[in-house]
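Structure first, commentary second.
Both counts, for ligands and for their atoms, begin at 1 and track the order of listing. Counting begins at 1 with the first residue of the sequence. Owing to the predicted nature of the structure, the values given are computational and were not obtained by experimental measurement.
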Amino acid sequence: MSGVLKHMMEVKRDRGAGYVVLVDPDRYDLAELSEQAELLSQYADLLFVGGSLCVRHDFGEAVSRLKQASRVPVVIFPGDATQVSSHADAILFLSLVSGRNSDLLIGEHVKAAPRIRRYRLETIPVAYILVESGETTSVQFMSQSLAIPRRKSEIASAHALAGEYLGMKLVFLEGGSGADQHVPLKMIESVGEFVSIPLIVGGGIKNPEEAGAIVRAGASFIVTGDVIEKNGSETILREFTTAVHAE
Ligand code: 1GP
């Protein structure tokens, strides 16, 4: 194991869990991205970059600005095959295993793979699982796929295990950016007990207390985007990183 995945496993081993901040380039001015990366990377173990759509900026330019200013690895969390850049340290090779949309199970991957190879980007295979979280989120709409019902932990567990058996290195339980409710603790516990690969949990995590509870339930990585976009103060970043690493 090498590169960013190795870094993630070391963070998990040494700090108990990792804190990831998602930067959706569309939500910032291009000029703000360097400053943002400098600030976020003082507190986060990793930065994810990506979004359901990237329409405001050239994606590669946005990644490049983040990468130049970041002290921690910058990892693409792609909405589709257009979100590939040579400037990143790695790309999450996400398969939306909870959906039955073949483009997001394999189609976008086929389009992206030759470019990833050309750029020599590290790929991290991830079983991406969408969980029902209140109102329709961008990822639900854009993926045109059903989310797993909140009470159906056994369905989420079976999908995660199938991902593990397919060779994926991580499971991502996703509520969707700006979700009303984060993934239920009970589901996180059930999936964590069922699989032996680490869990990333994101979507709708609104405060450090929730982040801490999610780590206690079994998550190895916490992703926040929306809450930091709305209030990215040093105080809140410090509180999040403390809560995630304390558990
Ligand atoms: C979305 O999991 C991420 O893909 C982060 O969600 O923006 O709600 O924090 P939020």
Side-chain angles (χ1 to χ4, degrees), residues 8 17-28 36 39-40 43-54 59 62-63 66 74-80 83 88 90-99 104 108 124 126-145 147-148 150 156 160 170-185 187-188 191 198-215 217-233 236-237 239-241 243-244:
M8 293 177 76
Y19 179 46
V20 184
V21 177
L22 169 65
V23 178
D24 180 344
D26 268 7
R27 302 204 194 173
Y28 295 92
Q36 197 61 22
L39 171 68
L40 300 177
Y43 298 96
D45 298 298
L46 289 171
L47 300 185
F48 282 176
V49 53
S52 291
L53 283 172
C54 184
F59 185 72
V63 176
L66 286 174
V74 174
V75 178
I76 299 171
F77 175 28
D80 60 36
Q83 295 178 22
I91 183 166
L92 300 182
F93 212 57
L94 302 168
S95 188
L96 182 58
V97 296
S98 59
L104 300 179
E108 293 295 307
I124 303 176
V126 177
Y128 193 49
I129 294 175
L130 198 51
V131 178
E132 207 274 315
S133 62
E135 62 184 58
T136 306
T137 58
S138 298
V139 61
Q140 281 174 31
F141 181 79
M142 293 302 289
S143 66
Q144 297 284 300
S145 70
I148 293 180
R150 295 180 66 74
L170 300 165
V171 170
F172 194 142
L173 294 174
E174 173 70 88
S177 189
D180 288 341
Q181 309 174 78
H182 62 69
V183 175
L185 297 178
M187 182 181 280
I188 296 165
V191 174
L199 305 187
I200 306 175
V201 177
I205 300 172
K206 295 183 180 61
N207 55 57
E209 293 70 31
E210 288 182 355
I214 290 169
V215 173
S220 295
F221 297 92
I222 297 290
V223 185
T224 62
D226 202 51
V227 68
I228 301 302
E229 281 154 18
K230 289 180 176 148
N231 167 23
S233 69
I236 191 79
L237 286 163
E239 286 173 4
F240 264 108
T241 194
V244 169

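Atoms of ligand 1 found under 4.0 Å from any heavy atom of Asp226 (numbered from 1 in listed order, with element): 7 (O), 8 (O), 9 (O), 10 (P). The atoms of ligand 1 that sit less than 4.0 Å from any heavy atom of Thr224 are 9 (O). Each of the atoms 4 (O) of ligand 1 lies under 4.0 Å from some heavy atom of Phe77. Close contacts of ligand 1 with Glu174, meaning ligand atoms under 4.0 Å from a residue heavy atom, involve 1 (C), 2 (O), 3 (C), 4 (O). Close contacts of ligand 1 with Gly203, meaning ligand atoms under 4.0 Å from a residue heavy atom, involve 2 (O), 3 (C), 5 (C), 6 (O), 8 (O).
Atom CD1 of Ile76 sits about 11.5 Å away from atom CZ of Phe48, to the nearest 0.5 Å. The CG atom of Asp226 sits 11.5 Å away from atom CD1 of Ile205, with the distance rounded to the nearest 0.5 Å. We find the CD1-OG1 distance between Ile222 and Thr241 to be 11.5 Å, quoted to the nearest 0.5 Å. The distance from the CG atom of Asp24 to the OG atom of Ser52 is 7.5 Å, given to the nearest 0.5 Å. If you take CD on Glu135 and CD on Gln140, they are separated by 9.5 Å, rounding to the nearest 0.5 Å. To the nearest 0.5 Å, atom CZ of residue Arg27 and atom CD of residue Gln36 are 12.5 Å apart.
If you look at Phe172 and Phe77, their ring centroids are closer than 6.0 Å.
Taking only nitrogen or oxygen atoms, main chain and side chain alike, Gly225 reaches within less than 3.5 Å of ligand 1. At a 3.5 angstrom cut-off on N or O pairs, Gly178 counts as close to ligand 1.
Ranking protein heavy atoms by distance to atom 7 (O) of ligand 1, first place goes to Ser177 OG, 2.6 Å.
Counting heavy atoms under 4.0 Å from ligand 1, residue Leu22 touches it through the side chain alone.
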